Amino acid sequence: MLPALLLAAFLAAGPVPYPAGAPVAPDDPALARADRAAAALTSELFGRLQRELATGGPAKAIAVCSREAPAIAAHLSHGGVTVRRVGTRVRNPVNAPDAFEAAVLARWQETIAGGGTPQEEAVWVTVGGIRTLRVMRPIMTGSLCLSCHGDPGHFAPGVRAELAKRYPDDRATGYREGELRGAVSVTIVQ
Ligand code: HEC
């Protein structure tokens, strides 16, 4: 009952509904391409983050994250593929979800509220006459993430100041381990 009410409230207040999509075949080569791009973004970023945290600590790693995260996403985005990260709440406003992404994130929150685990979603939509594959892969908050996305009261020295300097509108703190942080979002136009 409650999830139904929440969903109704979301649909009433939410953005213009995204055009209904067509299912994606599991062996669709575009889906494989999207999954490769999502996996590459995740592993490149995670590897970089782990190295920086180990060598310079979280306050220094923020500078790297703010430079490298968009750069890695940009170099993996070519030939009709766009890959990026979006958040349930965002540090960088550029990573705010669009209508489609927001709808998927809201659905995943419902799944979690109902005791489930969010799963990757893929759908073919037609936007402005262009056939477009949209793929969303959940990003959950791990313990490593808490040094920059957890409770600011527990941040290492320098982290709050560095975040305030670079991200005056930061809303991406206060996450708990295991919580939905956002998604890797891949778009492929054909
Ligand atoms: C060293 C600090 C630091 C750590 C640790 C960290 N992040 Fe971030 N995170 C950032 C910064 C800085 C940005 C903004 C990047 C940008 O400008 O695009 C960010 C942005 C994000 C975004 C994009 C949405 C937004 O808020 O702008 C997601 C998703 C995200 N982080 C997830 C994670 C996850 C998951 C982990 C753990 C695996 C993690 N982060 C660990 C600093 C960190």
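In listed order, ligands and their atoms are each counted from 1. Quick caveat: nothing in here was measured; it's all calculated off a predicted structure.
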message = So, using salt bridge (Lys or Arg N to Asp or Glu O under 4.0 Å) as the criterion, who are the partners of E121 when residues are at least two apart?
response = R107

request  = Consider ligand 1: state whether an atom of it lies below 4.0 angstrom from any non-hydrogen atom of G182.
outcome  = no

request  = Take every heavy atom of L146, measure it against each atom of ligand 1, and state whether any distance is under 4.0 Å.
outcome  = no

remark   = atom 20 (C) of ligand 1 sits nearest the protein heavy atom R85 NH2, 3.4 Å

NZ or CZ of R51 within 45° of F46 ring axis and under 6.0 Å = no

query = Which residue supplies the protein heavy atom nearest to atom 23 (C) of ligand 1, what is that atom called, and how far is it?
reply = N95 ND2, 3.6 Å

remark   = Min over V86, D170, V159 of heavy-atom distance to atom 29 (C) of ligand 1 lands on V86

ask   = Using a distance threshold of 2.8 Å, what protein N/O/S atoms lie below it relative to atom 8 (Fe) of ligand 1?
value = H149 NE2

key: Flag if over 12 foreign heavy atoms under 6.0 Å of CZ, R171   = no

Structural part of E52 in contact with ligand 1, heavy atom criterion under 4.0 angstrom = neither

task = Answer yes or no for G142: is there a heavy-atom contact with ligand 1 below 4.0 Å?
result = no

ask   = Within 45° of the axis and under 6.0 Å from the centre of the six-membered ring of W124, does NZ or CZ of R131 qualify?
value = yes

Distance from atom 14 (C) of ligand 1 to nearest protein heavy atom, with residue and atom = Y167 OH, 3.4 Å

inquiry  = Side chains of S66 and R166 only: does a donor on one sit below 3.5 Å from an acceptor on the other?
reply    = yes

ask   = Do you see a donor-acceptor pair shorter than 3.5 Å between the side chains of E101 and S185?
value = yes

task = Record the part of N92 in heavy-atom contact with ligand 1 below 4.0 Å; permitted values are side chain, backbone, both and neither.
result = both

